[in-house]
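For clarity, every value in this text was computed on a predicted model and none was experimentally measured. Chain A is the first sequence line, chain B the second, and so forth, proteins listed ahead of strands; every chain is numbered from 1. Quick note: numbers below take in every heavy atom, side chains included, and nothing from hydrogens, waters or symmetry partners.
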There are 2 protein chains.
Amino acid sequence: MVTALELIDVEGVEALSLRRLAQALDRSAMALYRHAENKGDLLDGVVELLLEQVVLDADAPAWQDELRRVAHRFRGLALEHPNAVPLLLARSLSTPLGLRPLGMLRPLEAFLQLANRAGLDDAAAVAACRSFFGLLHGHVLDELQGVVAYPEERDDLLRLGLHRLPLGEFPRMRSLASAMSAYDGAAQLDRLLEALLVSLAADLPPSG
Amino acid sequence: MVTALELIDVEGVEALSLRRLAQALDRSAMALYRHAENKGDLLDGVVELLLEQVVLDADAPAWQDELRRVAHRFRGLALEHPNAVPLLLARSLSTPLGLRPLGMLRPLEAFLQLANRAGLDDAAAVAACRSFFGLLHGHVLDELQGVVAYPEERDDLLRLGLHRLPLGEFPRMRSLASAMSAYDGAAQLDRLLEALLVSLAADLPPSG
DNA sequence: ACCTGAACACCGTTCAAGT
DNA sequence: ACCTGAACACCGTTCAAGT
């Protein structure tokens, strides 16, 4: 599983095949069917391996801090393993909740627990859960769009490959190249989180 | 291109192969290399086909309304073509901006234009752009997680397949099944949009 | 009982051979 | 000049044949 992740990190998701993986492990390709029933199972395993590294502590003393911590941890993981992000985000699409591997559900359960403890009722907890992960996934997706075409270039326009764009049709994009490369992902995530936390606080009973 | 999308809709992204597509078109598999250089080009073509259906009008009189309209249009498209969503969101990952097909950049350019017209300066426009699409993509990703395992079931728990989960480890999730199925995606998107629009308004010079 | 090689039905892509 | 069939180097998966 960890070798599978390494393969993905180095060569991309597309390069991960049962045969290549078996070769990297000095085993026969069919021996993998002992550990995973499918290639799908294997991909799920990679996702679970990643999510294990971002445990949400439902008993954390300050729940807002815990959410901030988890969000940044997830972002860090995505930046460390950009090639695995499509897997991380898309694997659960079109797989109904109850049929997903448990490792993919644990973060959700922990979030719900934390939200309950923080004082949110059931409906609010579910809404908060979806907002939180939606925000997180959206941000990661967004930040990873900022990939650089030619890292060695010093000019922002060239580095993003934007010089190739037809001048007439994309005036804004060209002129905003530098603003685009100045993007600070961590700060943006913080901003989004603050907004979410404010709106969550509004859902709490007045006591808290 | 439209037959490619149909194939994806019916059988999923995985089922789209050059050979299957050629067969569906009553052509030889290699004839496709006239229209697309790669399989990748073909997938980009599908994404562009979808994005063409969600044009952002940079000259819209009320920019907030235009953003709301576009967001809901995009959501609608995602719900119509759930199988294509992974493509829609992941295709541009790790492809630098300037190297992306133009159809994938047009919405960005239009947004930047709209933001400028609304009075945002360059840096604010870029930030708003990322927030907007991040929010949108995140929400769509999130809403599509609500796929149903057994649509014919009447009980929420069973319909999501949640009865399979180990009782001890996932108490919250089981008890929140009904709250989960009551989720209203359009309303949630509206809530997120309102929050964004408020924060954008705060960035505007006081005149507006 | 465990493992594995060959085999099957697919891929994307190339290229020489047809018209 | 255009198209296409066979061919190449891969897939995921099955299964009978080995130990």
What is the pairing partner of D:dG18, taking Watson-Crick or G-U wobble pairs with both distances under 3.5 Å in any strand? C:dC2
Regarding B:R27, tell me which of base, sugar-phosphate or nothing describes its non-hydrogen contacts under 4.0 Å with the strands shown. nothing
Here the pair of heavy atoms bringing A:R69 nearest to A:D57 is NH2-N, 4.4 Å
On DNA chain C, check which nucleotide each of A:R34 and A:R19 is closest to and give me the residue with the more 5' one. A:R34
Show the numbers, then the answer: is there a salt bridge (charged side-chain N to carboxylate O under 4.0 Å, His left out) between A:E169 and B:R106? CA-CA 8 Å; A:E169 206 182 350; B:R106 256 174 224 121; 2.4 Å; yes
What range of DNA chain D does chain A touch, first nucleotide to last, counting atoms under 4.0 Å from its heavy atoms? D:dC11 to D:dT14
salt_bridge(A:E143, B:R130) N-O dist < 4.0 Å: no
For D:dT13, give the paired nucleotide (Watson-Crick: N1-N3 plus N6-O4 or O6-N4; G-U: N1-O2 and O6-N3; both under 3.5 Å), or none. C:dA7
Side-chain donor or acceptor of A:D121 paired with backbone N/O of A:A125 under 3.5 Å: no
Taking the side chain as C-beta and beyond, is there a heavy-atom pair between B:Y183 and A:V126 under 4.5 Å? no
Between the side chains of B:H72 and B:D190, does any donor sit under 3.5 Å from an acceptor? yes
